[in-house]
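Reviewing the structure listed below.
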Amino acid sequence: MSQVMFDLDVLRTFSTGIALGSFARAADKLGRSTSAVSAQLKKLESQAGTALFRKAGRGLELTDAGETLLAYAHRMLELNDEASAAMRGVDLQGSVRLGLQEDFGETLLPAVLGRFARAHPKVRIEACVARSGELRERLELGQLDLALAWDAGDQPLSPYAERVARLPLLWIGPRTPERVEAPWWTQREQQHGAGARQPESKEPLPLIMLDAPCPLREIVITALDKAGVPWRRAFGSASLAALWAAASAGLGLTVRTPFGLPSHVRAIDRSTLALPALPQISLVLYRAQALPEAPASRLAGLLLEAVRQHVQPAGLPMRENPPLETRTKVIRHGNAKLPAPVG
């Protein structure tokens, strides 16, 4: 039996079409005609030996096999692009000073820095993990070349900053509800049953928050005060890891985006506890200058790619530059509409 050799060019078309939410847009981006893209997709299904799409209403969606192939396509293209970058940048030298918030330390830092170091072994990387205010301060002082941080809209963006995604703020609690022993939660469950909405309860909400200054504190406190929900400070720390530990132990609730949530906590359905809705915040890539040196520019590209891979599978808005685009819920293939896969 002959071994199937998937065509990377075809896999790139497949992956790009899903990422952009439109195979017509993928054709434009890749410089191909829509008929050529259709032929590539037919070739891919033939190589796979199974259907990659199925009908869903008036459109199509990815089958389980299509989802599986998409995951492999991402890995194969990533390795191919890494090899290509290594060959082009074999003589790339210099240094990059990168700042990240703690949310990205486990999700982005190992993969991105590992890929960069393998492709550009002569470039020295200096990375630091700090809070958003400190990262912006270091950029202004010329101590960083790049920084990836949250922006709550409380400060004007620097001239060379780029908003790359918008993510919702969520109420976060322990993975196992039985571990929650905060009186605010248990009193409601004992009096009215678990999951009941009881805005009349006056037991203060135990809050787990980062120490000031923290823009999220102001957002959360303002939302609770407007909704008339009493609260108290149950746990504070300068460490995000400490907040996750306190939330996992059931000391109260905290607030964060879905990016990088550890497995021992989960998002809480706010309607079950009469909690107010929270706004979205921006994920911003800060650059120290408009045209960074080649090492910083290459690392910025890898960061944006890694963010895209984390954000888009969850169906969250992602912005590209250029052009600035958000992911749509429908994939267009010629005249057909293909609902984008979720998950």
Side-chain angles (χ1 to χ4, degrees), residues 85 89 92 94-117 119-120 123-167 169 210-219 237-241 243 255-261 279-312 316-322 324:
L92 195 63
S95 64
V96 185
R97 299 165 301 174
L98 171 67
L100 294 169
Q101 289 201 235
E102 199 172 353
D103 306 64
F104 316 119
E106 294 184 4
T107 53
L108 292 185
L109 198 59
V112 170
L113 295 190
R115 284 187 64 190
F116 187 88
H120 310 292
V123 177
R124 184 178 70 255
I125 303 174
E126 299 175 13
C128 73
V129 175
R131 293 164 71 174
S132 60
E134 182 180 345
L135 292 177
R136 286 194 292 263
E137 203 172 294
R138 291 193 180 193
L139 276 162
E140 293 173 359
L141 294 173
Q143 298 174 354
L144 292 176
D145 301 305
L146 300 169
L148 189 66
W150 299 114
D151 173 65
D154 59 326
Q155 298 288 335
L157 290 183
S158 61
Y160 314 127
E162 173 189 354
R163 284 191 173 93
V164 296
R166 292 277 293 172
L167 287 89
L169 289 174
L210 288 174
D211 294 337
C214 173
L216 289 191
R217 288 169 59 97
E218 302 306 317
I219 291 175
S237 174
S239 165
L240 182 59
L243 262 64
V255 170
R256 214 69 185 172
T257 75
F259 202 116
L261 285 184
Q280 294 184 329
I281 62 172
S282 297
L283 180 56
V284 177
L285 178 63
Y286 296 88
R287 296 176 175 87
Q289 50 187 324
L291 297 174
E293 298 293 329
S297 180
R298 171 60 181 157
L299 184 56
L302 289 180
L303 282 170
L304 290 175
E305 183 181 334
V307 169
R308 183 179 300 111
Q309 292 179 0
H310 277 79
V311 170
Q312 288 186 338
L316 299 170
M318 170 73 195
R319 303 189 73 174
E320 294 187 20
N321 185 41
L324 293 179

Residues two or more places apart in sequence or in another chain: which of them pass side-chain contact (heavy atoms from CB on, under 4.5 Å) with Ala241?
-> Glu102, Ser239
Which heavy atom of Glu126 sits nearest a heavy atom of Arg124, and at what distance?
-> OE2-NE, 3.5 Å
Which pair of non-hydrogen atoms, one from Ala130 and one from Leu135, has the smallest distance, and what is that distance?
-> O-CD1, 3.7 Å
Give a yes or no on this: more than 12 heavy atoms of other residues, nucleotides or ligands lie within 6.0 Å of atom CG of Leu141.
-> yes
Is Arg136 paired with Glu140 through a side-chain N to carboxylate O contact shorter than 4.0 Å?
-> no
Looking at Ala147 and Leu139, what are the two nearest heavy atoms and their distance?
-> CB-CD1, 3.7 Å
Let me see the working for Leu144 and Cys128 under side-chain contact (heavy atoms from CB on, under 4.5 Å), right down to the final yes or no.
-> CA-CA 9 Å; Leu144 292 176; Cys128 73; 4.0 Å; yes
Set of residues satisfying salt bridge (charged side-chain N to carboxylate O under 4.0 Å, His left out) with respect to Arg131, sequence neighbours excluded = none
Non-hydrogen atoms of Asp211 and Arg217 that approach each other most closely | C-CD, 4.1 Å
Rounded to the nearest 0.5 Å, what separation is found between the CZ atom of Phe116 and the CG atom of Leu303?
-> 9.5 Å
Is Ser297 close to Leu291 at the side-chain level, that is, under 4.5 Å between some pair of heavy atoms?
-> no
Rounded to the nearest 0.5 Å, the OG1 atom of Thr257 sits from the CG atom of Asp103 at a distance of 6.0 Å
Is any side-chain heavy atom of Trp150 less than 4.5 Å from a side-chain heavy atom of Leu169?
-> no
Could you state the interatomic distance from OG (Ser95) to CG (Asp145), rounded to the nearest 0.5 Å?
-> 6.5 Å
CG of Leu302 to CG of Leu113: how many Å apart, nearest 0.5 Å?
-> 9.5 Å
Might you work through the side-chain contact (heavy atoms from CB on, under 4.5 Å) test for Leu283 and Phe104, ending with a clear yes or no?
-> CA-CA 11 Å; Leu283 180 56; Phe104 316 119; 3.3 Å; yes
On a heavy-atom basis, the closest approach of Pro295 and Val123 is CB-CG1, 3.9 Å
Evaluate the side-chain proximity of Ser132 to Asp151: yes if any heavy-atom separation is below 4.5 Å, no if none is.
-> no
Contacts satisfying ring-ring contact (aromatic ring centres under 6.0 Å, His included) that involve residues 281-301 (not counting sequence neighbours) are none
Might you work through the side-chain contact (heavy atoms from CB on, under 4.5 Å) test for Val307 and Leu148, ending with a clear yes or no?
-> CA-CA 10 Å; Val307 169; Leu148 189 66; 4.0 Å; yes
CA sep, side-chain torsions, deciding dist, call: Leu146, Val96, side-chain contact (heavy atoms from CB on, under 4.5 Å) = CA-CA 8 Å; Leu146 300 169; Val96 185; 4.3 Å; yes
Got Leu216 and Arg256 here, is their nearest side-chain heavy-atom distance under 4.5 Å?
-> yes
